[in-house]
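This is a predicted model, so every value here is computed, not measured. Numbered from 1 within each chain, the chains take letters A, B, ... in sequence-line order.
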Protein chains: 2
Amino acid sequence: MTGASSHTDHSQSRFQQIVDALRHPIVDGTLPEKAALPSERTVAEQHGVSRMTARRALEALETEGLAYSEGRRGRFVSPRRVRYNISEMVSFVADAQTAGRELEIVLIEAVTIPADAVLSRILAVAEGDALYAYQRLFRTGGHALFVETEYVSANRFPGLLQCDLGQSTTQLIERDFGTVAATGDISIRMRAMSDDEAHLMGLAPNRAGLELEQVIRDSAGAPFCLGRQIWRGELAEFTARAMVNARALDDQPHRSGKNRDPVPED
Amino acid sequence: MTGASSHTDHSQSRFQQIVDALRHPIVDGTLPEKAALPSERTVAEQHGVSRMTARRALEALETEGLAYSEGRRGRFVSPRRVRYNISEMVSFVADAQTAGRELEIVLIEAVTIPADAVLSRILAVAEGDALYAYQRLFRTGGHALFVETEYVSANRFPGLLQCDLGQSTTQLIERDFGTVAATGDISIRMRAMSDDEAHLMGLAPNRAGLELEQVIRDSAGAPFCLGRQIWRGELAEFTARAMVNARALDDQPHRSGKNRDPVPED
DNA sequence: TGGATTGTCTGGTATATACCAGAAGAGAGC
DNA sequence: GCTCTCTTCTGGTATATACCAGACAATCCA
C-alpha cells in the first residue's frame, strides 16, 4: 500500500511480516499454551491491514502448527506435541498412562454393522458378518487429540459393546476374551479432516490432520481389530524404530478409508 | 458413522458445492493425474461466484490431497501416494528401485559445517566437529516427492562429498566405508514447509507437509547419520510394523528442526 | 535462424465491505 | 439461585476490485 510505511520494510509481504510478529510471543513463551491470540479484527487494526490479510496471517500460524482455531471461539496457542511410539504394540492409552499423561476417552457412538468388502478383507471375516464399530474421542489436558474409529468382529468378541469403552480396548479384549495383540500393521498419511471429525474435536473444518491406521493381529497372525485415528496434525509426533532385518510388512495394499486410490499399487 | 455422509442437500455453502463439483471428475478418474484443473477465474465464472470463493474451493481440494498447486502455473490433479515402509532399514532409494519405481535425485547443496549443540548430541560427536551436510530433492515420475537434508561426520566419512550423491547414501557409505546401517530412530510429524522447501519442489508456499526424521545407527548402535525429509503430504504414505516385545525406542527426546518445543518431555 | 519483446495466461497479495451464525457474558425477570 | 433474552464478541462466507509477478507462447525484428 501507500509506500512510505517506514516500518521494517524488507519487501516481505505484509502478511508475512504479521506472521513473524505474531510468531515471536508464541515461540519465546510469552504466550503460554492455549492462550488466546488476538482476533482477526484486532490484528487487522493493530497492523493497519484489512481483515482478510490478518486472517491469512493467523491461518498461516495454524498451518505452522503454532496455533489452532476452535470454531467461532477464537484462535489459541497450540499445546506441545504428544509423542507416540508406534513400534511398540502397547496401546496408546497404556502408553500415555505410564508416561503420566492424563487421558480422557469419550465414547461417541457404538454400533453393529455388517462387514463391507473392504472391512471383511482386512479383518478376514465373511462379507456381511456382524462387526462392532465404535468411535471415540481422545482428549488430554482438556483438549482433543484425535478421533478413533475401531472395527472388530462381533462373533469373536460378543458383548464387547456392553463393556466400558472408556478404556484401552486391546487391554479390555485381552482381559475379557484372552486375545492378545501381538503385531500391528500401521499406515500413516496426511489427509483433510471430515466436517464430523473436525466438529468432534471442536476445530474449524477443512484442516489437515494425520491419519494413523492400524490392523492389530493376535499371536497367530490373524487380524482382529482395525483402528483408524485422525490426529490433530500440530499435536502429533509418531516415533518408530527401523531395523535392517525387519522384512516387516507384507505389502499387500489395504485401502485407506475415504482417500481416493482407485488403482492397486503396481 | 456408517453411511451418513452428512448433508448432501440442505443449503451447503457455495464454496462447498463447488468443491464437490470439482472433486467428482478427479475421484472418478475423468481427470487423470497431473491434469490441469480449471483456473480460479474460470471456476469463478463457471459457477457464478467471486474469484476469492473459487480460490477457497480449489484450496480445499489441495488440503484434501486431491490437487496441488505449482507456483503460478496452475493447479493439477495429485498423483497417487507413494508407499514407504519405514520399519525396514533399507534406504528409500533401494526400496523404490526394487518396487520398479524410477527415482531421480537432484543434489541441491553440499557443504561442510561445524556441529552445533543439537547436531553434536544426536550424532555423538564433539561440538564444532566438521559435518557434511547435503540437501537433495527426490523426484519420481517427473514430480517432486520430498526434500532431504542429511548430516554425517566428516571425520568418519572423509571425502564423502566427492562421491556421487545422486544415489542411496546408506549404500554408498556401506560400500566405500564399510559402515552398515543397522537401526534407525524415526520420528514423523506434520509441519509447514519452509519457503525454500516449497520452492525446491515447485510448490506454493505455506503448505503443510510430513517431516520424517531419522537417526541411523551402525551395528554397534552408534549414530552416524541424521536425515530429515519433508514430504509432500498428499503424496506420502508411511507404513510400519509394530510388535509387542519391541521395547524399541529409547525415548530420549531429539529436538525437531525448527518446530518450537521449548521444554523437554517430562 | 535466433534473440528479444509483447501479450495473456496463471496464482499471490491486498483492499473494503457486508451479512451470517456460534459462543459468551451481562442483566432482567422470576 | 435460576432461567431467558439481548448484546457483543468471535470466526465463516461472500461480494467486487485492483495490481503484482511468474510462466509461456506467439510474434517481431535483426
So B/Thr53 and B/Val43, side chain to side chain contact (heavy atoms under 4.5 Å, CB included) or not? Walk me through it. CA-CA 9 Å; B/Thr53 305; B/Val43 171; over 6 Å; no
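- Looking at heavy-atom distances under 4.0 Å, B/Arg14 makes contact with sugar-phosphate atoms alone, never a base.
- A distance of 6.0 Å or more separates the ring centres of B/Tyr134 and B/Tyr151.
- As judged by a 4.0 angstrom heavy-atom cut-off over every strand, A/Arg75 is placed among residues touching the sugar-phosphate backbone only.
- The pair B/Arg51-B/Glu45 fails the salt-bridge criterion, with no side-chain N (NZ, NE, NH1 or NH2) lying under 4.0 Å from an Asp/Glu carboxylate O.
- Using a 4.0 Å heavy-atom distance criterion, A/Arg56 is classed as a sugar-phosphate-only contact.
- Geometrically, B/Arg83 does not engage B/Phe238 in a cation-pi contact, judged by NZ or CZ lying under 6.0 Å from the ring centre and within 45° of the ring axis.
- Taking 4.0 Å as the cutoff to heavy atoms of chain B, we find the contact window on DNA chain D bounded by D/dT13 to D/dC24.
- Of the residues near DNA chain C, A/Ala54 and A/Arg72, the one whose nearest nucleotide (by heavy atom distance) lies more toward the 5' end is A/Ala54.
- Summary of the strand contacts: B/Arg41 and A/Pro38 both lie near DNA chain D, and taking for each the nucleotide with the nearest heavy atom, the more 5' one is attributed to A/Pro38.
- Comparing the end axes of the helix from C/dT1-D/dA30 to C/dC30-D/dG1, each fitted to five base pairs by superposing C1' atoms of four pairs onto the next four, gives an inter-axis angle of 10° (nearest 10 degrees).
- Ranked by how close their nearest DNA chain C nucleotide is to the 5' end, A/Met52 and A/Arg73 are led by A/Met52.
- Ring pair A/Phe92/A/Trp231 is perpendicular by interplanar angle, where above 60° counts as perpendicular and below 30° as parallel.
- Heavy atoms from other residues, nucleotides or ligands lying under 6.0 Å from NE2 of A/His199 number 12 at most.
- Partners of A/Arg72 by side-chain contact (heavy atoms from CB on, under 4.5 Å), not counting sequence neighbours: none found.
- Regarding B/Glu45, its CD atom lies at a distance of 14 Å from the C1' atom of C/dC9, rounded to whole Å.
- Classification of A/Arg136 and A/Glu109 as a salt-bridged pair fails, no side-chain N sitting under 4.0 Å from a carboxylate O.
- Salt-bridge annotation for A/Glu59 and A/Arg56: absent, with no side-chain N of the basic residue lying under 4.0 Å from a carboxylate O of the acidic one.
- Among the protein residues, A/Ser39 comes within range of the sugar-phosphate backbone only, with heavy atoms under 4.0 Å from sugar or phosphate atoms but none that close to a base.
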